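The next block holds one structure in the form of structure tokens; read it before the comments.
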Amino acid sequence: MRTFGPACTLGEGPLWHPGRHELFWFDIPHGTLYSAKADGTMVGEWSFGEAASACGWLDHDRMVVATASGLRDFNITTGAHTGLVDIEADNPVTRSNDGRIGPDGAFWIGTMGHHLERRAGAYYRYARGTLTKLFDEVTVPNATCFSPDGRIAYLADTARRLIWRWALAEDGAPVGDKEVHINLKDEGLNPDGAVCDAEGYLWNAQWGASRVARYDPKGQFVSAIDLPASQITCPAFGGEDLKTLFVTSARENLTAEHLVQEPDAGRTFAIEVDVPGIPENRAVL
């Protein structure tokens, strides 16, 4: 296991850019985006002037970035960014949180209250210039990821301790109703970010539990990787063979005593695993 990057207040949204061979991730409340090579060598740092949380790649030089006010077209080389669509920009209570590009190139993104206001957020899908609200009354949207065949979306509300599965049509849009895939209430576990591997298993970061847990396609627990930080936020596969699991973490609300016990809280971890991930889908505007 390797540890790198700055100690983020709330590290989140890791994404391996397949064209640049770099990992990108955020420190949400500071609105900062970082990038690093697979070996942890830092490459870039950008600020968006407001909370920023998730991204998807468009091409070698451009990404879509989710911020508190909406989605932005971001140029990695120049650092310039322009608005694509507003998302609750007139609501000062909420910001963006977890998100990922779907199999059709659409951006799935959730919103939540800055101060965890109960059910203040919602889930959206931005597809080819059109923003659609999927559902609301979400407290902490998380675990946004997709099965390798592109036919299932996974979503969560951390506050409900549920991970849902939602069938997707051939055009990438959800069909029918979402169903409970993993219920973590009895275990008292908090599902945070997630990603699927090439075998269709879901890897879920579990806030407060110091681990990333792996579940089979039926939602059954298989194994877990323990990490030296309690507030684990989101995993992403990367590296040349997609067998490096990058995991972000947070240090927000930890006391000085806790930080002595968790000196790497907020940093990014890299673990070599046996099963590769799947390449991140490319955004289509």
Side-chain angles (χ1 to χ4, degrees), residues 1-28 30-48 52-65 74-79 98 100-101 145 192-199 201 203-205 210-214 223-251 259 262-283:
M1 182 185 303
R2 293 178 284 112
T3 306
F4 63 91
C8 296
T9 299
L10 180 54
E12 259 286 9
L15 176 136
W16 180 258
H17 192 304
R20 301 182 75 92
H21 305 288
E22 295 174 20
L23 181 76
F24 289 79
W25 75 100
F26 295 86
D27 191 347
I28 292 180
H30 297 288
T32 304
L33 174 65
Y34 297 103
S35 71
K37 293 297 184 181
D39 64 2
T41 302
M42 298 298 294
V43 177
E45 178 180 338
W46 304 266
S47 177
F48 290 90
S53 63
C55 62
W57 70 282
L58 280 160
D59 54 37
H60 185 271
D61 294 318
R62 293 165 59 223
M63 304 179 78
V64 182
V65 172
F74 167 62
N75 188 300
I76 302 168
T77 302
T78 67
D98 190 69
R100 195 177 298 273
I101 303 299
C145 61
D192 210 297
V195 68
C196 283
D197 64 26
E199 295 181 350
Y201 287 57
W203 296 70
N204 178 234
S210 304
R211 73 177 198 169
V212 177
R214 187 174 186 243
S223 61
I225 296 174
D226 294 326
L227 295 161
S230 57
Q231 296 178 162
I232 302 304
T233 56
C234 192
F237 285 98
E240 297 305 315
D241 56 3
L242 295 179
K243 286 187 176 182
T244 301
L245 188 70
F246 296 102
V247 186
T248 50
S249 68
R251 60 196 284 123
L259 291 173
E262 300 180 27
D264 288 326
R267 302 191 72 200
T268 299
F269 304 97
I271 308 107
E272 302 307 315
V273 294
D274 295 329
V275 178
I278 53 178
E280 295 286 351
N281 296 308
R282 180 175 183 171

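Here the structure is a predicted model, which is why all the values come from computation and not from measurement.
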Least distance between heavy atoms, [X] atom then [Y] atom:
X: Y34; Y: W46; value: C-CZ3, 4.2 Å
X: P14; Y: W25; value: CA-CB, 3.9 Å
X: P276; Y: D241; value: CB-O, 3.6 Å
X: K243; Y: V275; value: CG-C, 4.4 Å
X: P235; Y: W203; value: CG-O, 3.5 Å
X: D226; Y: M1; value: O-CE, 3.7 Å

[X] side, atom [atom1]; [Y] side, atom [atom2] - distance, nearest 0.5 Å:
X: R211; Y: I225; atom1: CZ; atom2: CD1; answer: 11.0 Å
X: R251; Y: L259; atom1: CZ; atom2: CG; answer: 4.5 Å
X: L245; Y: E272; atom1: CG; atom2: CD; answer: 9.5 Å
X: L23; Y: D39; atom1: CG; atom2: CG; answer: 11.5 Å
X: L227; Y: R267; atom1: CG; atom2: CZ; answer: 13.5 Å
X: E45; Y: L33; atom1: CD; atom2: CG; answer: 9.0 Å

**Message:** Parallel, tilted or perpendicular, judged at 30° and 60°: which one describes the rings of H17 and W57?
**Reply:**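 The arrangement is tilted - the two ring planes meet at 30° to 60°.
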
**Request:** May I ask you to decide if the ring planes of F48 and F74 are parallel, tilted or perpendicular, using 30° and 60° as cut-offs?
**Result:**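 F48 and F74: perpendicular rings.
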
**Asked** Hey, are D61 and T77 close enough side-chain-wise for a donor-acceptor pair under 3.5 Å?
**Response** yes

Ignoring hydrogens and geometry, is there a side-chain-to-backbone donor-acceptor pair from [X] to [Y] under 3.5 Å?
X: D27; Y: C8; result: no
X: R20; Y: H60; result: yes
X: S35; Y: G44; result: yes
X: T233; Y: T248; result: yes
X: S210; Y: A229; result: yes
X: S249; Y: I232; result: no
X: Q231; Y: A265; result: no
X: N204; Y: A194; result: no

**Item:** Results of side-chain hydrogen bond (donor to acceptor under 3.5 Å, both in side chains) for E199 - residues two or more places apart only
**Value:** R214

**Prompt:** Between W16 and T244, is any pair of side-chain heavy atoms under 4.5 Å apart?
**Reply:**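 They are not in side-chain contact.
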
**Item:** Residue pair E280, I101: steps toward the side chain to side chain contact (heavy atoms under 4.5 Å, CB included) verdict
**Value:** CA-CA 7 Å; E280 295 286 351; I101 303 299; 5.9 Å; no

**Asked** Should H30 and L10 be marked as a side chain to side chain contact (heavy atoms under 4.5 Å, CB included) after you check the CA-CA gap, both sets of side-chain angles, and the distance that decides it?
**Response** CA-CA 9 Å; H30 297 288; L10 180 54; over 6 Å; no

